[in-house]
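Side chains are part of it too, since the values below use all heavy atoms of this structure and drop only hydrogens, waters and symmetry mates.
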Amino acid sequence: MSAGKRTGKTVVPEVMVPVIATKAEFDLVKERIDAMATAVVKETGAKVVYQVGTMIALPRASLMAGEIAKTAEFFSFGTNDLTQTTFGISRDDAASFLGPYTARGILEVDPFVSIDREGVGELVRIGVERGRKTKPKLKVGICGEHGGDPVSVAFCHQIGLDYMSCSPFRVPIARLAAAQAALGKNAATQA
């Protein structure tokens with residue numbers, strides 16, 4: 001039994017294409033998704049309502065967001081991967097040198113803990129602006145551990161994101177931070 005049949009609410013699946021760099025790449029994958037949906041309709045007779053979007057995890061995708069938004073129905077900024085690709089460092093190796101970087105003031109904070117507003121955050125901001133210039137009602141959000149960091153949540157609220165996702169154990173912190181951001185209590189000034 002489908003969730004819609006159990007709850008009476010319309011369920012619209014969102015299919016996310018990860019780690020793309022170009023609109024052509026996204027369109028190629030979307031074409032295959034759409035073909036599969038068409039095959040399901042032919043086989044079952046049931047209409048499949050869904051959306052296809054992309055995870056923006058590469059700096060180039062952020063810069064090309066206006067073009068990508070022509071066919072993508074939503075964006076989810078993969079901030080963990082976007083941080084890795086922007087800084088050119090692996091999360092797995094970062095622990096071995098980020099402590100001294102923050103201790104010496106090279107970086108203000110570990111960029112895998114709290115979003116780097118000047119670099120990664122600027123790429124997210126650019127992606128949101130360019131995507132919404134093409135498609136004003138484009139649904140945008142982030143997925144990654146930054147979604148559970150109060151300072152990052154405040155930043156995401158400030159630039160107009162629609163949603164955030166994070167690990168389940170971080171959800172209570174994220175919800176509180178989102179409520180504070182909505183009430184104008186900016187976590188960035190409290191950090």
Side-chain angles (χ1 to χ4, degrees), residues 12-21 23 26 51-69 71-92 94 98 107-191:
V12 179
E14 293 181 346
V15 181
M16 184 165 41
V17 179
V19 195
I20 57 120
K23 178 184 177 293
F26 173 78
Q51 292 186 334
V52 182
T54 188
M55 177 181 286
I56 304 288
L58 298 175
R60 188 181 196 287
S62 286
L63 297 172
M64 300 306 300
E67 185 69 14
I68 295 165
T71 50
E73 295 171 286
F74 65 89
F75 288 169
S76 183
F77 289 86
T79 55
N80 294 337
D81 290 335
L82 191 56
T83 298
Q84 287 189 122
T85 58
T86 299
F87 277 92
I89 57 178
S90 166
R91 261 182 302 204
D92 299 332
L98 283 181
L107 293 174
E108 191 175 314
V109 65
D110 181 336
F112 293 104
V113 173
S114 192
I115 199 161
D116 162 50
R117 287 180 180 222
E118 292 78 27
V120 177
E122 187 61 18
L123 285 168
V124 174
R125 183 189 314 271
I126 288 167
V128 170
E129 288 171 358
R130 291 180 182 179
R132 286 192 173 147
K133 184 174 183 183
T134 298
K135 191 175 283 178
K137 294 192 183 265
L138 182 70
K139 180 178 172 183
V140 293
I142 67 164
C143 59
E145 293 312 295
H146 295 108
D149 169 56
V151 174
S152 300
V153 170
F155 172 74
C156 291
H157 178 77
Q158 176 189 8
I159 64 170
L161 297 190
D162 298 306
Y163 70 91
M164 290 165 283
S165 66
C166 60
S167 299
F169 76 93
R170 299 193 83 174
V171 170
I173 295 167
R175 290 182 73 173
L176 176 61
Q180 289 174 331
L183 292 172
K185 297 179 179 179
N186 191 340
T189 61
Q190 297 170 1

[X] side chain vs [Y] backbone, donor-acceptor pair below 3.5 Å:
X: S62; Y: V124; value: no
X: R60; Y: A21; value: yes
X: S167; Y: F169; value: no
X: E73; Y: V52; value: yes
X: T83; Y: V120; value: no
X: R170; Y: G147; value: no
X: E145; Y: N80; value: no
X: K23; Y: M64; value: no
X: D162; Y: G141; value: no

Closest heavy-atom pair and its distance - [X], [Y]:
X: S76; Y: Y163; value: CB-OH, 3.0 Å
X: A154; Y: A181; value: CA-CB, 4.1 Å
X: T134; Y: G66; value: OG1-O, 2.7 Å
X: A174; Y: V153; value: O-CG1, 4.2 Å
X: M164; Y: C156; value: SD-CB, 3.8 Å
X: R125; Y: I159; value: NH1-CG2, 3.2 Å

Determine whether [X] and [Y] make a side-chain contact, defined as any pair of heavy atoms from C-beta on separated by less than 4.5 Å.
X: L63; Y: R130; value: yes
X: V19; Y: L58; value: yes
X: V140; Y: F74; value: no
X: L107; Y: F87; value: yes
X: Q180; Y: P150; value: no
X: I142; Y: S165; value: no

Any side-chain donor near an acceptor of the partner, T79 and H146, under 3.5 Å: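 Distance-only check passes for T79 and H146.
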
From [atom1] ([X]) to [atom2] ([Y]), nearest 0.5 Å:
X: K139; Y: E14; atom1: NZ; atom2: CD; answer: 3.5 Å
X: L82; Y: Q84; atom1: CG; atom2: CD; answer: 10.0 Å
X: M55; Y: I20; atom1: CE; atom2: CD1; answer: 11.5 Å
X: M16; Y: T54; atom1: CE; atom2: OG1; answer: 8.0 Å
X: F75; Y: L161; atom1: CZ; atom2: CG; answer: 12.0 Å

Hey, are R117 and D149 close enough for a salt bridge, meaning a charged N less than 4.0 Å from a carboxylate O?
->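 No, this pair does not count.
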
Take F77 and V128 through the side chain to side chain contact (heavy atoms under 4.5 Å, CB included) test and state the conclusion after the steps.
-> CA-CA 9 Å; F77 289 86; V128 170; 3.8 Å; yes

